[in-house]
Protein chains: 2
Amino acid sequence: MMPENSPRSEAGQHAPLEAVEALKALANPARLQIMEWLRDPHTEFAEWEPIADRDEVGVCVSHLQAKSGLAQSTVSSYMTTLERAGLVRSTRIGKWIHYRRDEHAMSRLAGVLHTPS
Amino acid sequence: MMPENSPRSEAGQHAPLEAVEALKALANPARLQIMEWLRDPHTEFAEWEPIADRDEVGVCVSHLQAKSGLAQSTVSSYMTTLERAGLVRSTRIGKWIHYRRDEHAMSRLAGVLHTPS
DNA sequence: TTTTCATATCGTGACATCGCGATATGACAA
DNA sequence: TTGTCATATCGCGATGTCACGATATGAAAA
């Protein structure tokens, strides 16, 4: 049974802080760009030798760094930001940590902005 | 013919700055909350007497201020931020400036995050 | 073990955002 | 014109983000 005098028990009405964190993570040109690259890593990173299947595990930090032109530390912390926001998942393969998009999370976030009628 | 040595002339690949501005505008709990209220202004602002048809012109700053509990200047500048980002449109009715969601803009932004397959 | 190399974390100055009170603007009323 | 009221802009200290170089971590190679 639901607690009787709980304020705003109308679930799903308030702006979720989780969504705000995800939007903050995307509200940066470099991070948004990386997220778009990770939509089709096989095509976008064709000029670098893949360490593992990019459609499965995504792209390693070195290749993200090479394509973006940003400092290594910058790319690393950006990917941490995106992962904390729940927008990417990481997989270690040998020495390389690979990041891939979480399509479900992106889809859910898009739904917060615009619920298709 | 395309200029031969122009860097990244692959159109439509880069993350649009327009989208980044919109995401920045939404990456704040109060502003995101306001955008959600403006999805159904008729219901959300039922306790305040409407100055005009809310489904048409949206909600005036006074009512947004009352519901949010923020300072008047804060709400005003937040709405300016959202309007500059192209996420709301404004209409003056008497002394009251009303803001309503731009659903097309929100839908387009959602599409940047997740293109439905 | 020591070295190498990919990635993460730390520390930084420059700059942006936050939310406010004070004040300006500008439409309407008197 | 003067006053009133809704909204916009200004100025502020506090806090957060930016992108970097330097350094730490930690896995694998030598």
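Values in this document were obtained by computation on a predicted structure and should not be read as measured data. Proteins get letters first, then strands, A, B, ... in listed order; numbering begins at 1 in each.
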Asker: State which of C:dA6, C:dT7, D:dC18 makes the closest approach to the side chain of A:Asn28.
Answerer: D:dC18

Asker: Can you check the A:Met79 CE to C:dT9 P distance for me, whole Å?
Answerer: 14 Å

Asker: Hey, is the side chain of B:Tyr99 poking within less than 4.0 Å of OP1 or OP2 on D:dA8, counting only N and O atoms?
Answerer: yes

Asker: Are A:Thr81 and A:Lys24 packed together at the side-chain level, in the sense that at least one heavy-atom pair is separated by less than 4.5 angstrom?
Answerer: no

Asker: Between P on D:dA28 and CD1 on A:Ile51, what's the gap in Å once rounded to a whole number?
Answerer: 13 Å

Asker: Identify which nucleotide among D:dA22, C:dT17, C:dA6 has an atom closest to any side-chain atom of A:Ser73, counting heavy atoms from C-beta outward.
Answerer: D:dA22

Asker: Can you check whether any acceptor in the base of C:dA6 is under 3.5 Å from a donor in the side chain of A:Gln72, or vice versa?
Answerer: no

Asker: Looking for any heavy atom pair under 4.0 Å, which part of the strands does B:Ser62 touch: base, sugar-phosphate only, or nothing?
Answerer: sugar-phosphate

Asker: Rounding to an integer number of Å, can you tell me how far B:Lys24 NZ sits from D:dG16 C1'?
Answerer: 13 Å

Asker: Any idea which of C:dC20, D:dG21, C:dT9 is nearest the A:Ala71 side chain?
Answerer: D:dG21

Asker: Could you please name the option among D:dT17, D:dT9, C:dT7 that lies closest to any side-chain atom of A:Val61?
Answerer: C:dT7

Asker: Any sub-3.5 Å donor-acceptor pair from B:Arg101's side-chain atoms to B:Leu38's backbone N or O?
Answerer: no

Asker: Take the protein atom CZ of B:Arg92 and the nucleotide atom C1' of C:dA27, then report the distance between them rounded to whole Å.
Answerer: 6 Å

Asker: Report the distance from atom OG of B:Ser90 to atom CG of B:Leu82, rounding to the nearest 0.5 Å.
Answerer: 11.5 Å

Asker: Quick check for you: to the nearest 0.5 Å, what is the distance between A:Asp53 atom CG and A:Arg100 atom CZ?
Answerer: 11.5 Å

Asker: Do B:Arg89 and B:His98 have a side chain donor and acceptor closer than 3.5 Å?
Answerer: no

Asker: Taking only the side-chain heavy atoms of A:Lys95 (C-beta and beyond), determine which of C:dC20, D:dA6, C:dC5 contains the nearest atom.
Answerer: C:dC5

Asker: Between B:Arg31 and C:dT17, does any side-chain N or O lie under 4.0 Å from OP1 or OP2?
Answerer: no

Asker: Nearest whole Å is fine: how far is C:dA8 C1' from A:Trp96 CH2?
Answerer: 17 Å

Asker: Rounded to whole Å, please give me the gap between CG in B:Leu70 and C1' in C:dT17.
Answerer: 14 Å

Asker: Of the listed nucleotides (D:dT7, D:dG21, D:dT9), which one gets closest to any side-chain atom of B:Ile97?
Answerer: D:dT7

Asker: Can you check the B:Ile93 CD1 to C:dC28 P distance for me, whole Å?
Answerer: 12 Å

Asker: With respect to the phosphate group of D:dT7, does any side-chain polar atom (N or O) of B:Ser76 fall under 4.0 Å of OP1 or OP2?
Answerer: no

Asker: Report the distance from atom CD of B:Gln33 to atom P of C:dC18, rounded to the nearest whole Å.
Answerer: 16 Å

